[in-house]
Q: 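Before I ask anything, here is the structure I am working with.
Computed from heavy atoms alone, side chains included, the values below leave out hydrogens, waters and symmetry copies.
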Amino acid sequence: MNIDLIHPHALLPPLADGTHLVFKNVGAYNMTQWMQFIQLRPAVVMIMADGKVEKLREPETVDYVRQMEHVPDGLKT
């Protein structure tokens with residue numbers, strides 16, 4: 001969340017848009033507390049002890065998020 005902090009005085013070098021950062025051994029959220037808002041949720045992966053990466057969850061798409069929505073016929077254009 002945009003209110004979460006790694007450290008209030010942490011200084012990072014300038015980063016290009018789209019740069020991904022990994023902060024290990026942090027966080028208090030789990031899948032049941034992971035709210036979908038602001039942006040689509042990325043894939044969830046697990047890095048195994050041998051270094052192999054296993055995908056646990058596919059990334060969200062707009063179609064996936066909208067599949068549960070129903071627009072009443074009277075509101076369709």
Q: Can you list, pair by pair, the side-chain donor-acceptor contacts under 3.5 Å of residues 44-53, counting residues two or more places apart and other chains?
A:
unit_1 : atom_1 : unit_2 : atom_2 : d
Asp50  : OD1    : Lys52  : N      : 2.9
Lys52  : NZ     : Glu54  : OE2    : 3.2

Q: Can you list everything that forms a side-chain hydrogen bond (donor to acceptor under 3.5 Å, both in side chains) with Asp63? Sequence neighbours excluded, please.
A: none

Q: Enumerate, atom names and distances included, each donor-acceptor pair closer than 3.5 Å involving a side-chain atom of residues 66-75, sequence neighbours excluded.
A:
unit_1 : atom_1 : unit_2 : atom_2 : d
Asp73  : OD1    : Lys76  : NZ     : 3.2

